[in-house]
Amino acid sequence: MIHQYKNNGYNIVLDVNSGAIHVVDELLYEMIGSFEELSKEALWEKMSSLFSTLTKEEYDEAYDEVCSLRDEGALFTEDTYEDPLWDFTKRPTVVKALCLHVAHDCNLSCRYCFAGEGEYHGERGLMSYEVGKQALDFLVENSGSRRNLEVDFFGGEPLLNFEVVKKLVAYGRSLEEEHNKHFRFTLTTNGVLLNDEVMEFANKEMDNVVLSIDGRPEIHNHMRPFRGGQDSYDLILPKFKKLAESRGQQKYYVRGTFTRYNKDFSKDVLHLADQGFKQISVEPVVAPYDESYALLPEDVPELCDEYDALAAEMVRRAGTDKDFNFFHFMIDLEGGPCVYKRLSGCGSGTEYLAVTPNGDLYPCHQFAGEEEFKMGDVFTGVSNEALRDSFKSCNVYAKPECKKCFAKFYCSGGCAANAYHFHKDIHAPYEVGCELQRKRIECAIMIKAALSDKEEE
């Protein structure tokens, strides 16, 4: 399978199964598109009609180049991963990450919040130290030989329960040497309660901090007000700037959400960059189509144009004091997880679980509170093994739409929660999300090509 596209002046050919990427001229681009379906003579006739000045010698040289790439395993390679992947998914289940919902409560009233202002289909509440402690014990006991374990302090707003967060970090550290483990802690916060004490603690203990801000003041204040309707932008922005600088502009993200109210979201990304943030993630809202802020299928072309514009601007800023990283354009073309891990996804419901304040286990934070997805609890472990096995078998080859998609090695089949909430089936991809993911991957590859050109200049 090959995928061909043009972006910001580049002709790009992706050999999907090998991962090989080729930036080519117009002749090679057109030849590769018809190479498998036409004989050499028929291909010559087609190319000579497209390129009036093309000589037979030039054509033969280009034809030989395509043949060499094919013979080297860099073009038209076969998919040999499906059968081994099913063996991979049968491996013993090892839990490596927990999302600890330390607060089912929040001090903001974000319009798009899937957690319902932190309530998650239930009552407001804070996780006790005892429940959190048992959750860390559960993680250690179910992590097998894996050393590095991930724990995200999440909400609602986790800083509403900061004292418990501190105690749980201390408890986690006390387990590390005895069990040969290392906890990588993450904090996700809206910034309202961020202060010097929290920053000092985060800089000492948190491997990453996610800071929620949507971009331009008018956009952020419209979507992320206080419960009384008051604006929150001016309160959190200076705190976020201070934290980002205190971490050396590393190991954090400002993380926003764009909606139908700001389909020109590239302006929000650039606003955050112009405020001095270097690590930025602004992601599309996922909401039922009847919500006023929801992104609709007819919005996709406009959103794709925004990604193209953002990618071009990132190339222009590269190497200057205004450059920045955009999370969705950061893909690893050379290493990263093994191919079978990339095809089987984020591990929700198997390697990654969410824990509610009372200790219930769910496949991920987006399923929390939906009783049909309760998997067990941290005291007795996973009891709904059928649900776990369903998630374990959820990979790109279990989804007909994904098997034929060029993005399958990069997106891992998309988000199971989004699939379920749109189609009541974790194996049915969310179409708008798929279209935007494909565009982001195309932009990310173009950026790599452009930056490589810059290095050679």
Side-chain angles (χ1 to χ4, degrees), residues 97-110 112-136 138-139 149-173 183-214 224-227 232 235-236 239-240 242-244 246-247 251-257 279 281 283 352-362 364-369 378:
L98 291 181
C99 182
L100 288 190
H101 293 223
V102 293
H104 273 190
D105 198 358
C106 194
N107 41 23
L108 291 183
S109 184
C110 302
Y112 48 59
C113 182
F114 65 85
E117 297 183 15
E119 293 182 8
Y120 287 91
H121 312 281
E123 298 180 353
R124 299 184 188 278
L126 303 180
M127 180 179 287
S128 69
Y129 170 67
E130 289 71 24
V131 169
K133 179 174 177 290
Q134 183 60 42
L136 297 185
F138 166 84
L139 178 57
L149 305 178
E150 318 283 338
V151 175
D152 183 16
F153 292 105
F154 200 71
E157 173 49 47
L159 292 184
L160 289 169
N161 202 8
F162 183 51
E163 291 304 314
V164 167
V165 169
K166 290 191 293 184
K167 291 170 69 175
L168 290 176
V169 168
Y171 180 68
R173 297 291 181 225
F183 285 96
R184 293 176 175 170
F185 293 110
T186 300
L187 176 70
T188 299
T189 179
N190 62 29
V192 172
L193 298 176
L194 198 58
N195 57 31
D196 288 344
E197 179 191 1
V198 175
M199 291 186 200
E200 182 180 356
F201 177 79
N203 289 341
K204 178 183 177 185
E205 298 289 2
M206 298 294 157
D207 279 75
N208 201 6
V209 181
V210 181
L211 308 169
S212 299
I213 183 171
D214 279 357
R224 301 183 64 84
F226 284 96
R227 289 183 184 171
S232 61
L235 174 66
I236 67 169
K239 298 180 181 184
F240 285 178
K242 184 176 180 179
L243 181 61
S246 72
R247 295 177 74 84
K251 296 186 176 181
Y252 81 94
Y253 275 101
V254 285
R255 195 275 190 202
T257 299
Q279 314 299 333
S281 175
E283 306 181 15
Y352 166 74
L353 301 171
V355 185
T356 63
N358 66 355
D360 289 340
L361 293 169
Y362 287 89
C364 81
H365 60 287
Q366 293 199 66
F367 286 110
V378 296

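Just so it is clear, the structure is predicted and the values come from calculations on it, not from any experiment.
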A side-chain contact here means heavy atoms from C-beta on lying under 4.5 Å apart; do Lys242 and Asp196 qualify? yes
Geometric class of the His104/His101 ring pair [parallel <30°, tilted 30-60°, perpendicular >60°]: perpendicular
Just how far is it from atom CG of Asp152 to atom CZ of Phe185, taken to the nearest 0.5 Å? 11.0 Å
Between SG on residue Cys106 and CZ on residue Arg227, distance to nearest 0.5 Å: 7.0 Å
Between Phe240 and Gly191, what is the shortest heavy-atom contact and its length? CE2-CA, 3.4 Å
Just wondering, do Met206 and Phe153 contact through their side chains at under 4.5 Å, heavy atoms? yes
Can you give the donor-acceptor pairs under 3.5 Å from side chains of residues 160-172 to other protein atoms, not counting sequence neighbours?
{"unit_1": "Asn161", "atom_1": "ND2", "unit_2": "Val102", "atom_2": "O", "d": "2.8"}
{"unit_1": "Asn161", "atom_1": "ND2", "unit_2": "Met127", "atom_2": "O", "d": "2.8"}
{"unit_1": "Glu163", "atom_1": "OE1", "unit_2": "Lys166", "atom_2": "NZ", "d": "3.4"}
{"unit_1": "Glu163", "atom_1": "OE2", "unit_2": "Lys166", "atom_2": "NZ", "d": "3.1"}
{"unit_1": "Lys166", "atom_1": "NZ", "unit_2": "Glu197", "atom_2": "OE2", "d": "2.9"}
{"unit_1": "Tyr171", "atom_1": "OH", "unit_2": "Asp137", "atom_2": "OD1", "d": "2.6"}
{"unit_1": "Tyr171", "atom_1": "OH", "unit_2": "Asp137", "atom_2": "OD2", "d": "3.2"}

Distance (rounded to the nearest 0.5 Å) between Thr356 OG1 and Leu100 CG: 10.0 Å
Arg173 side chain vs Glu205 backbone, donor-acceptor pair below 3.5 Å: yes
Do the side chains of Leu194 and Ile236 get nearer than 4.5 Å, heavy atoms only? no
Residue from Thr188, Thr189, Asn107 passing side chain to side chain donor-acceptor pair (under 3.5 Å) with Glu157: Thr189
Restricting to non-hydrogen atoms, name the atom on Pro357 and the atom on Gly125 that form the minimum distance, rounded to 0.1 Å. CG-O, 3.9 Å
Note: Asp207 and Lys251 closest approach over all heavy atoms is O-CB, 3.2 Å
Contact between Val192 and Leu235 at the side-chain level, heavy atoms closer than 4.5 Å - yes or no? yes
Hey, are the side chains of Leu193 and Val198 touching, using non-hydrogen atoms and a 4.5 Å cut-off? no
Pairwise side-chain contact, Val355 with Leu361, heavy-atom cut-off 4.5 Å (strictly under): yes
Checking side chain to side chain contact (heavy atoms under 4.5 Å, CB included) for the pair Ser232/Leu108: CA distance, chi angles, key distance, verdict? CA-CA 8 Å; Ser232 61; Leu108 291 183; 4.0 Å; yes
One should read off an interatomic distance between Lys133 NZ and Ser128 OG, to the nearest 0.5 angstrom, of 11.0 Å
Between atom CG of Asn190 and atom CZ of Phe226, what is the distance when rounded to the nearest 0.5 Å? 7.5 Å
Check Leu243 against Met199 and note the closest heavy-atom contact, atom names and distance. CD1-CG, 3.9 Å
For Val378 and Gln134 the tightest heavy-atom approach is O-NE2, 3.1 Å
Taking only residues two or more places apart in sequence, or in another chain, which ones meet Arg255 in a side-chain hydrogen bond (donor to acceptor under 3.5 Å, both in side chains)? Thr257, Glu283
If you look at every heavy atom in Ala244 and Tyr252, which pair is closest and at what distance? CB-CZ, 3.6 Å
Could you measure the distance from the CG atom of Asn208 to the CG atom of Leu187? Nearest 0.5 Å is fine. 9.5 Å
